[in-house]
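Worksheet: the structure to be examined is printed underneath.
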Protein chains: 2
Amino acid sequence: MKSKEITIYDIAKELDISPATVSRGLRDHPAISRKTKKKIMDTARAMGYRSNTFASSLRLKRTNTIGVIIHRLDSYFVATVLAGMEKVASESGYNLIISQSLENTEKEIANANTMFNSRVDGVMASLAYDTEDISHFEVFIEKKIPLLFFDRVYKHKDCPNVVIDNYKAAYEITSHLIEQGCKKIVHVTGNLKRNVYADRFEGYKKALEDNGLKYTDELLIINYMDEHIGPNVDAAKQILAINPLPDGAFITNDAFAAYCMRELKLAGISIPKDIAIAGFNNDPISGLVDPNLTTINYPSYEMGEVAARTLINHLREVTDMMLTESIVLKSEMIIRGSSLKKGAQ
Amino acid sequence: MKSKEITIYDIAKELDISPATVSRGLRDHPAISRKTKKKIMDTARAMGYRSNTFASSLRLKRTNTIGVIIHRLDSYFVATVLAGMEKVASESGYNLIISQSLENTEKEIANANTMFNSRVDGVMASLAYDTEDISHFEVFIEKKIPLLFFDRVYKHKDCPNVVIDNYKAAYEITSHLIEQGCKKIVHVTGNLKRNVYADRFEGYKKALEDNGLKYTDELLIINYMDEHIGPNVDAAKQILAINPLPDGAFITNDAFAAYCMRELKLAGISIPKDIAIAGFNNDPISGLVDPNLTTINYPSYEMGEVAARTLINHLREVTDMMLTESIVLKSEMIIRGSSLKKGAQ
DNA sequence: AATAAAATTACAATCGGTTGCATTTTAAAA
DNA sequence: TTTTAAAATGCAACCGATTGTAATTTTATT
């Protein structure tokens with residue numbers, strides 16, 4: 001004998017008014033008098049009424065739900081972005097539906113379809129490792145469902161994106177390594193088709209060039225960049241295989257850099273004396289490894305907040321996000337022991 | 001001119017049959033002939049039909065959505081649990097709505113209400129740091145919406161929980177410290193009202209007792225256990241303030257333990273020689289700090305999978321989870337350098 | 001070919017909230 | 001008191017899928 005669900009019809013009957021008035025009263029419609037509104041509100045509370053979102057969504061064609069597609073939940077960076085998004089969304093009365101592609105394009109396509117069928121009001125996405133064709137996102141654009149990319153973005157005229165200046169950050173941190181005396185800096189990074197890695201690579205190369213250092217392909221180590229394959233030794237091994245040994249390494253992920261550092265240390269390399277290391281993200285791990293890791297502070301929580309706020313404001317027609325091409329957040333270098341060949345500053 | 005949404009009525013008109021047949025055809029109802037079904041399916045695909053979930057939910061009183069309430073997304077442990085949940089849920093056609101309490105009971109209450117109003121089919125929750133009264137969850141129980149707790153659980157006759165044996169794990173790791181020669185072991189942990197911390201505390205005390213060591217309140221350091229307050233030095237300071245200095249520490253969170261280790265090392269303490277350290281969770285950080293941290297492997301991803309599977313099977317009436325009181329997952333100790341006073345094994 | 005049985009398909013009500021427009025009530029003006 | 005305007009409320013259709021029951025068609029049986 002489950003307690004029956006209360007509807008506006010029940011409230012209407014109770015107060016002997018029409019359901020339409022109840023509906024308007026509950027939504028604070030101006031055509032309803034103060035007095036009636038109060039009666040309705042009170043009765044609704046007393047009877048334990050809760051609005052049926054489906055009936056409402058069915059009528060209004062809105063869900064107050066935002067879909068988020070990310071590559072994986074269990075990454076410090078992603079979890080932090082999500083935390084920021086969730087905060088803003090929940091403050092604004094939106095629910096978040098989150099799904100992970102696990103770096104797999106097939107799954108990303110499936111997720112996009114699920115979101116589409118769930119009729120989310122908007123979508124925030126960060127692409128999987130090797131997604132190139134984004135036609136699975138076209139459905140949103142066609143149906144005018146706002147779509148926004150963050151971090152791993154795709155430049156599309158109908159999709160704003162929220163990013164940091166990866167090029168500049170990479171340029172800056174590479175320059176720092178050079179300034180510390182590095183002459184041969186390897187770059188460990190991910191799939192160069194992804195904007196984040198491509199931009200960092202360009203920044204890195206430009207810094208070398210501007211400082212009279214020559215870039216050769218030998219210096220580029222492409223890696224899967226997965227924090228979760230556990231102690232990854234491949235990259236470290238590849239570094240060690242280079243002859244003569246590099247004296248600097250710019251690794252585009254702190255967790256990954258931490259694993260490399262461990263392997264290098266095990267191989268008897270001294271950091272930063274033999275090789276100076278710089279990471280990316282300002283993962284908490286960067287402050288815990290020995291020596292502490294020089295890195296780029298990536299405002300992940302803020303990125304989540306900004307992305308969510310931008311999308312929600314657009315949904316509410318507060319602002320038109322389609323006027324925006326991209327939002328670039330501030331990032332800054334954090335210099336720590338792992339790169340200080342010249343000794344502490 | 002946004003393309004109009006296709007409904008079963010459109011398909012019905014196109015094929016000159018009734019909407020009822022279309023509905024049944026799409027859901028593979030046995031009363032519809034093979035031939036008609038095929039026609040319906042093909043036309044639906046051709047016309048770009050997508051089912052309207054609200055209309056369906058309104059009718060069926062189901063949402064295929066599961067609510068998850070956690071304390072915070074940006075915690076390694078939580079993110080990993082969520083990853084496991086998301087995997088299982090998405091495989092089974094369920095969406096996950098995730099909201100974080102940020103360790104705040106007020107927000108947890110608000111989240112529970114949102115979930116309730118969103119009419120989730122079921123809920124998985126891990127309690128906030130100091131939630132004691134769980135009456136905000138009673139609505140689910142009253143409305144027979146299955147509710148399951150994981151990790152930070154609350155024993156309630158209508159709510160199964162998924163946990164590890166915190167008592168045993170703590171007993172084991174404390175015994176290990178003792179076996180390594182520790183005579184004075186401090187315990188750094190969280191709010192003892194939370195089962196996870198209470199159970200670990202009991203296991204720790206029992207291990208001391210069984211080995212003839214005396215427990216005194218001086219050895220207990222209660223801390224907020226937040227990985228995100230950044231370099232937390234309080235606990236480390238408190239340890240250093242104890243006279244004579246302890247020779248062992250069991251800290252119930254790896255990230256937290258890592259921060260403590262850093263502070264202790266800065267204070268000139270040698271680990272494990274002066275103080276042996278043990279953590280909890282098997283956070284990746286445990287394998288990166290120096291020395292590597294002895295810890296308990298907490299099967300977080302598996303916990304997420306198990307919790308989600310249990311709830312979904314219940315929703316699908318495959319199994320009746322209400323027959324289960326709790327599911328205890330295996331955990332095991334991982335011995336690493338931070339606790340090996342007697343040298344590597 | 002006639003009839004019964006089985007297999008398909010259609011009708012119409014339902015789920016609960018929303019909203020354009022019509023109607024009633026109340027207040028203000030004449 | 002009557003007229004008119006403004007404010008408040010009600011009517012009824014609609015959103016799209018589902019389903020019990022009735023109606024129709026097909027197939028099998030004699």
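Sequence lines set the chain letters: A, B, ... in the order given, protein chains first and strands last, and positions in each chain run from 1. A quick note: this is a predicted structure, and the numbers were derived from the prediction, not measured.
Between the side chains of B:Ser101 and B:Asn111, no donor-acceptor pair is found at a separation under 3.5 Å.
In terms of the ring pair (Phe, Tyr, Trp, His ring centres under 6.0 Å) criterion, residue partners of A:Phe140 (sequence neighbours excluded) are, by chain and number, A:Phe116. When the side-chain contact (heavy atoms from CB on, under 4.5 Å) test is applied to B:Ile109, the partners found at least two apart in sequence or on another chain are B:Thr105, B:Asn113, B:His136. Contacts of B:Asn117 classified as side-chain contact (heavy atoms from CB on, under 4.5 Å), with partners at least two apart in sequence or in another chain: A:Arg50.
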Would you tabulate the pairs of protein nitrogen or oxygen atoms and nucleotide nitrogen or oxygen atoms of nucleotides 4-7 of chain D closer than 3.5 angstrom?
none

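C:dC11 atom C1' lies 14 Å from atom CD1 of B:Ile17, rounded to whole Å. As rounded to whole Å, 11 Å separates atom P of C:dT9 from atom CG of B:Leu15. As a whole-Å value, the separation of B:Ile40 CD1 from C:dT9 C1' is 10 Å. Distance A:Ile32 CD1 to C:dT25 C1': 13 Å, rounded to the nearest Å. Summarising the geometry, the separation between CG on B:Asp10 and P on D:dG16 is reported as 8 Å, rounded to the nearest angstrom. Rounded to whole angstrom, the span from the CZ atom of B:Arg62 across to the C1' atom of D:dT18 amounts to 11 Å.
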Counting primed atoms plus P, OP1 and OP2 as sugar-phosphate and everything else as base, spell out the protein contacts along nucleotides 14-19 of chain C at 4.0 Å heavy-atom distance: B, S or - for each nucleotide, 5' to 3'. BBBBBB
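Helix bend of the helix from C:dA1-D:dT30 to C:dA30-D:dT1: the angle between its two end axes, each built from five pairs, comes to 40° after rounding to 10°.
Panel note: side chain B:Ser57, backbone B:Arg62; a donor-acceptor pair is recorded below 3.5 Å. A donor-acceptor contact shorter than 3.5 Å links the side chain of A:Arg194 to the backbone of A:Thr131. The main-chain N or O of B:Thr63 is found under 3.5 Å from a side-chain atom of B:Thr65 such that the two form a donor-acceptor pair. Between the side chain of A:Asn195 and the backbone N or O of A:Asp151, at least one donor-acceptor pair lies under 3.5 Å. Of the possible donor and acceptor atoms, one in the side chain of A:Thr43 sits under 3.5 Å from a partner among the backbone N and O of A:Lys39. Between the side chain of B:Ser118 and the backbone N or O of B:Thr114, at least one donor-acceptor pair lies under 3.5 Å.
Using a 4.0 Å heavy-atom distance criterion, A:Thr36 is classed as a sugar-phosphate-only contact.
The local environment of CD in B:Glu91 is crowded, with over 12 non-hydrogen atoms from other residues, nucleotides or ligands closer than 6.0 Å.
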